[in-house]
Q: 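Can you read through this structure? Questions will come right after.
To find a chain, count down the sequence lines: A is the first, B the second, and so on, and within it residues start at 1.
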Number of protein chains: 4
Amino acid sequence: MKKNKPKYMQIIDAAVIVIAENGYHQAQVSKIAKQAGVADGTIYLYFKNKEDILISLFEEKMGEFVEKIEEKIAGKVTAEEKLLMMIETHFQLLSDDHHMAIVTQLELRQSNKELRLRINAVLKGYLQVIEKIILEGKETGEFSSDLDVRLARQMIFGTIDETVTSWVMNEEKYDLLALASPVHRLLIDGCGKR
Amino acid sequence: MKKNKPKYMQIIDAAVIVIAENGYHQAQVSKIAKQAGVADGTIYLYFKNKEDILISLFEEKMGEFVEKIEEKIAGKVTAEEKLLMMIETHFQLLSDDHHMAIVTQLELRQSNKELRLRINAVLKGYLQVIEKIILEGKETGEFSSDLDVRLARQMIFGTIDETVTSWVMNEEKYDLLALASPVHRLLIDGCGKR
Amino acid sequence: MKKNKPKYMQIIDAAVIVIAENGYHQAQVSKIAKQAGVADGTIYLYFKNKEDILISLFEEKMGEFVEKIEEKIAGKVTAEEKLLMMIETHFQLLSDDHHMAIVTQLELRQSNKELRLRINAVLKGYLQVIEKIILEGKETGEFSSDLDVRLARQMIFGTIDETVTSWVMNEEKYDLLALASPVHRLLIDGCGKR
Amino acid sequence: MKKNKPKYMQIIDAAVIVIAENGYHQAQVSKIAKQAGVADGTIYLYFKNKEDILISLFEEKMGEFVEKIEEKIAGKVTAEEKLLMMIETHFQLLSDDHHMAIVTQLELRQSNKELRLRINAVLKGYLQVIEKIILEGKETGEFSSDLDVRLARQMIFGTIDETVTSWVMNEEKYDLLALASPVHRLLIDGCGKR
DNA sequence: GATGAATGAGCATTCATTCAT
DNA sequence: GATGAATGAATGCTCATTCAT
């Protein structure tokens, strides 16, 4: 519905660019409006307030993100393959979108606690995808049957997130996508010798 | 030098309390001064500016943190034992200090990018402890010899951090310390069946 | 001319309702348009600007007001009777129209100085009715021959207005109409004992 | 207490000047600060917000006003003399203070309903002075024993207020003080011939 | 005539930092 | 060293008005 109004996405896309290039605290509404090519007041025809832009940004982009990952892993059979595809797609999408990588890994984290709680609600969708893979893996016997699902999910998400953040903080100097396979190996096998 | 001056730590301790109880964005210098029992201006006799308080806070507290962990793991022999002790101590220290848990996991993350980069520099000390354990594990043959040290470090830190953050966000409803052993298991063994 | 166009009065009536129910400063043009069942832009086909709505509102409503009072007092012979009828009609009309009472006594007073000056020009018509009664009273000998007409007019208008305002501010808790006779007595006799 | 702080009254006096010269809606905080010779932020060391300046202004000035009137009428014996002195003092004080006359009669009336209600609370003090005179007059037999005190008070206040407002709206072209006696006469004698 | 999406000027308030005492 | 009163830059949001359809 909202998405049919071209200015809605236009403003969200502008927000991503402005936040990525100026930082969260320097992303004034007027700057976003200018980048979007609309008047300041127009922003408020599509968003309740500034925070609403950021939440919507996250919802829209994270929605696409999860959707694309789900599409990709749908074609895979084993939990292990699905996990690999998930990591690869995650790394691929952020490698392809420099601005979003900065915004999600660095800038949006400095939003206030309340906004972060709402962002976490959006993240739930992603965490559920991870949990589903873990459960499947346990059922098929690929994964250890006494695996604590919540902890495993935290390990997987925490590792992926930390890997991407490190990469962004190192100014994306190396190939993130190349890390997908070793990270996957690590998550499956752990540090221990087998 | 600075540390000999009693007001230095007094202000840092006040900052922890004020940030934990009011949130990062509601932690005005005047509030910290009041909590510390000094005048606003006095702050500036000990710290260059507000950011300097936060960096110093992190340096002092993280310094203690790493020191305590190093002491604890010094008594352990194998890398596996050291890793377990590290996780246990990490969880223990934050379980014991409600204020610091909130400040490090939630509040300080909403500082600006520059401050976070400096905080990361402080974190280096902790990451080196992790790396040293990994290297030792590889040398002794406990850990896989083709383990990528940086990735393993990111997995270990990412998993621990995500676990603590989840715990704080869930209002510390469950026993964090009890998770040390399963998290340790997970990091050593991974998700896969053995 | 304008008055033949049905939307003209439709918008004015909407303005009365919106101002009475939301207050002067919350009576946005868009709200008036919505209440009138027209588009925002349509307002500007009938009124030059927002101020013009308010002035027109006052002119139209005050015009009716004075007209009705003049009709009523036309049937009376003595100045004293005319004054009583005027007060009674004034009180009656505002008692009957809750919205107008609020708008004229409370809300329209918080318009800016310029608008209030224009409103005063409209009030002239009413003040002239009062003056005519005073002059008649002086001629027939009912009123003191050395009565200062302007001052007497200010007393009469000021007293009536203050009485109505008090009544509106007290949320119209008592019967305003019942005060017509004593107010009239008061204005005729003054405070002095005779 | 507050009044000992010189800047408190300095800011209030500045507000009177700025409002009188620019109008209520053009009296920005920064303009008041500039007129007072302080920084914008300093205002907020002495007042909670802009509205607080206006309420305080009214309280301080009205307080002085009522005080002076009470002093003046204290020396008078009869109710009639007290009423005259009250009117004279009222007219005198506003004649002497051009800015306050504009502010109280025109500008402050366009404040929002809530502020006006608070202003009315302050006015209570003045209305009580009037009521006391009326009651005294009734007791001594100067005034009619069946005088409705509330209505009489509304007549007296309404007449005085309307007279002053008319004078201010006519740009203070004539001598307000000269009207004290005839207004007094009018209020005492009423319009009726004796 | 009627619409309603788009415009953009304007302002109260906070708070890190300074500096005279 | 310690104080705390004073500073002033910086910004999200509203709403009367326009004008292309």
Q: Please state how far atom CG in C:D40 lies from atom P in E:dG4, giving the value in whole angstrom units.
A: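 To the nearest whole Å, that distance equals 8 Å.
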Q: Among E:dT13, F:dG4, F:dC13, which is the nearest nucleotide to the side chain of B:A39?
A: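 Given the options E:dT13, F:dG4, F:dC13, the side chain of B:A39 is closest to F:dG4.
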Q: Side chain of B:L45: nearest nucleotide among F:dT3, E:dT13, E:dG8?
A: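 Shortest atom-to-atom distance from the side chain points to F:dT3.
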Q: Give the C-alpha distance, both sets of side-chain angles, the deciding distance and a yes or no for side chain to side chain donor-acceptor pair (under 3.5 Å) between A:E60 and A:Y8.
A: CA-CA 11 Å; A:E60 294 293 341; A:Y8 176 78; 3.0 Å; yes
Q: Would you call B:R118 and B:D52 a salt bridge, taking side-chain N to carboxylate O under 4.0 Å as the test?
A: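 Answer for the salt bridge query: no.
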Q: How many whole angstroms separate atom CG of B:L54 from atom P of E:dA16?
A: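 Computing the B:L54:CG to E:dA16:P distance gives 10 Å.
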Q: Closest to the C:T42 side chain: E:dA2, E:dT17, F:dC15?
A: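 Given the options E:dA2, E:dT17, F:dC15, the side chain of C:T42 is closest to E:dA2.
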Q: Could you tell me how far apart B:I32 (CD1) and F:dT3 (P) are, to the nearest whole angstrom?
A: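 Spelled out: CD1 on B:I32 to P on F:dT3 is 16 Å.
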Q: Could you state the NZ-C1' distance from B:K48 to E:dA16, rounded to the nearest angstrom?
A: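 It works out to 14 Å between those atoms.
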Q: At less than 4.0 Å, is any side-chain N or O atom of D:Y46 found next to OP1 or OP2 of F:dA6? Yes or no.
A: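 Looking at the OP1 and OP2 atoms of F:dA6, one of them is under 4.0 Å from a side-chain N or O of D:Y46.
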Q: Want to settle it: does C:G37 or B:A27 sit nearer the 5' end of DNA chain E, counting the closest nucleotide to each?
A: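 Its nearest nucleotide being more 5', the pick is C:G37.
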Q: Can you check the C:K50 NZ to F:dT18 P distance for me, whole Å?
A: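 Answer to the nearest Å: 15 Å.
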Q: Nearest whole Å is fine: how far is F:dC15 C1' from C:N49 CG?
A: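 Spelled out: CG on C:N49 to C1' on F:dC15 is 14 Å.
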Q: Write down the partner of E:dT21 under the Watson-Crick or G-U wobble criteria, each distance required to be under 3.5 Å.
A: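 Checking every strand shown, E:dT21 finds its partner in F:dA2, with both distances under 3.5 Å.
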Q: Is there a side-chain contact between D:K7 and the phosphate of F:dA6, meaning an N or O under 4.0 Å from OP1 or OP2?
A: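 D:K7 to F:dA6 OP1/OP2: side-chain N or O found under 4.0 Å.
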Q: How do A:S30 and D:G41 order along DNA chain F: which one's closest nucleotide is nearer the 5' end?
A: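 Taking each residue's closest nucleotide, the earlier one in sequence belongs to D:G41.
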Q: The side chain of D:Q28 is closest to which nucleotide in this list: E:dA16, E:dA12, E:dA6?
A: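 It is E:dA12.
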Q: D:I11 has an atom CD1; how far is it from atom C1' of F:dA5, in whole Å?
A: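 Rounding to the nearest Å, CD1 of D:I11 and C1' of F:dA5 are 12 Å apart.
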Q: For a quick test of reading the model, state the closest non-hydrogen atom pair linking C:I32 to C:I11 and the distance between them.
A: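 Residues C:I32 and C:I11, closest heavy atoms: CG2-O, 3.9 Å.
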Q: Tell me whether the OP1 or OP2 atom of E:dG8 has a side-chain N or O from A:Y44 closer than 4.0 Å.
A: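 So the side chain of A:Y44 is outside the cut-off, no N or O lying under 4.0 Å from OP1 or OP2 of E:dG8.
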Q: Starting at the 5' end of DNA chain E, which residue's closest nucleotide do you reach first, B:E51 or D:H25?
A: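 Between the two, 5'-proximity favours D:H25.
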Q: Mind calculating the distance between CD (A:Q26) and C1' (F:dG12) to the nearest angstrom?
A: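 Spelled out: CD on A:Q26 to C1' on F:dG12 is 14 Å.
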Q: Is it true that A:D40 and A:K31 make a salt bridge, defined as a side-chain N closer than 4.0 Å to a carboxylate O?
A: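 Salt bridge: no.
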Q: Between B:R109 and B:D161, does at least one N-O distance fall below 4.0 Å, as a salt bridge requires?
A: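 A salt bridge is present here (some side-chain N lies under 4.0 Å from a carboxylate O).
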Q: With a non-hydrogen cut-off below 4.0 angstrom, is A:V29 in contact with a base, only sugar-phosphate, or nothing?
A: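 Sugar-phosphate contact only - A:V29 comes under 4.0 Å of backbone atoms but never of a base.
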